[in-house]
Asker: 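The structure follows.
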Amino acid sequence: SLRSITSKAIFVPVLPLFEEKDTNNEDDSVAAETQSPSPLLSSNDVEVFLSEQCCSLDAAISGLNNTYPESTKHSVLVSSLEAKLYLLALHTKDIVKCYTNGMDFIESMLTNQLEAAIGTTINRDNFFEYMSTALGKILFKDVYVPTPFSFAVRQPGHSPEGAISIERFDDDGKAHPIITAAYKVDGAPNSIGMPINAATSVELTGSK
């Protein structure tokens, strides 16, 4: 049976660990590393972590070799080969879990620092408003500044009778026109003819 196999004794070299190095250390062996302080672990520490993983993995595999029969014996259902594959699968699962938890921890830490620096939590509506106002004026020329996709529909010389727009809904359920980039070409307005039936057609005019 494979139920007795566990990967708890195998060292997982994946964790969100930052090291605060002593820049005043005069030891020549660490002088090269202290010249450019970094929160990341040194290559020597990484090698120690990987070495511990290999040693603990070898010990676990040796235990399986002593517990399960060899794979050359065709009469057995579970041999040492299947046991080792199962052990490696468990260890791989542990690595993925630790990596996911580490990324979640780092993301949470950065989020907390950003919220502390800004003083509030930014949602998608705040980001959308900033992109459509302040940042748009910084990134684009005046003629290319993104504007709401909302255009009036009117007859020539008359007040608007309606509007055509593409809208999105915010977190409160309110509709707002989406922001798009458009460029207006000076000159005579274009016209588009659209037949309604055999005797009637509609002419649409507007700026380019």
Asker: Please check if atom CD1 in Ile118 has more than 12 non-hydrogen atoms from other residues, nucleotides or ligands closer than 6.0 Å.
Answerer: yes
Asker: Would Val48 end up clustered with Leu15 when hydrophobic side chains under 4.5 Å apart are linked, directly or stepwise?
Answerer: no
Asker: Between Pro160 and Ala152, which heavy-atom pair has the shortest distance, and what is it?
Answerer: CB-CB, 4.0 Å
Asker: Is there a donor-acceptor contact under 3.5 Å from the side chain of Thr92 to the main chain of Leu88?
Answerer: yes
Asker: Examine distances only and state if a side-chain atom of Thr200 and a backbone atom of Asn197 form a donor-acceptor pair shorter than 3.5 Å.
Answerer: no
Asker: What residue pairs, at least two apart or across chains, pass salt bridge (Lys or Arg N to Asp or Glu O under 4.0 Å) with a residue in residues 76-97?
Answerer: none
Asker: Shortest non-hydrogen contact from Gln53 to Ile10?
Answerer: O-CG2, 4.4 Å
Asker: For Phe11, does its backbone N or O pair with a side-chain atom of Ser56 as donor and acceptor, under 3.5 Å?
Answerer: yes
Asker: Would you kindly confirm whether Tyr68 and Leu81 end up in one hydrophobic cluster when ILVMFWY residues are joined by side chain heavy atoms under 4.5 Å apart?
Answerer: no
Asker: Mind checking what makes ring pair (Phe, Tyr, Trp, His ring centres under 6.0 Å) contact with Phe105, not counting sequence neighbours?
Answerer: none
Asker: If you draw a 6.0 Å radius around CD1 in Ile196, do more than 12 non-hydrogen atoms from other residues or ligands fall strictly inside?
Answerer: yes
Asker: Count the heavy atoms belonging to other residues, nucleotides or ligands that lie under 6.0 Å from CD of Glu107, then report whether that count exceeds 12.
Answerer: no
Asker: Would you confirm whether Asp172, through its side chain, and Lys174, through its main-chain N or O, come within 3.5 Å as a donor-acceptor pair?
Answerer: no
Asker: Without swapping roles, check the side chain of Ser165 against the backbone of Glu167 for a donor-acceptor pair under 3.5 Å.
Answerer: no
Asker: Please name all residues satisfying side-chain contact (heavy atoms from CB on, under 4.5 Å) with Cys98, sequence neighbours left out, ordered by chain then number.
Answerer: Val12, Val14
Asker: Do any N or O atoms from the side chain of Ser108 and from the backbone of Asp104 form a donor-acceptor pair under 3.5 angstrom?
Answerer: no
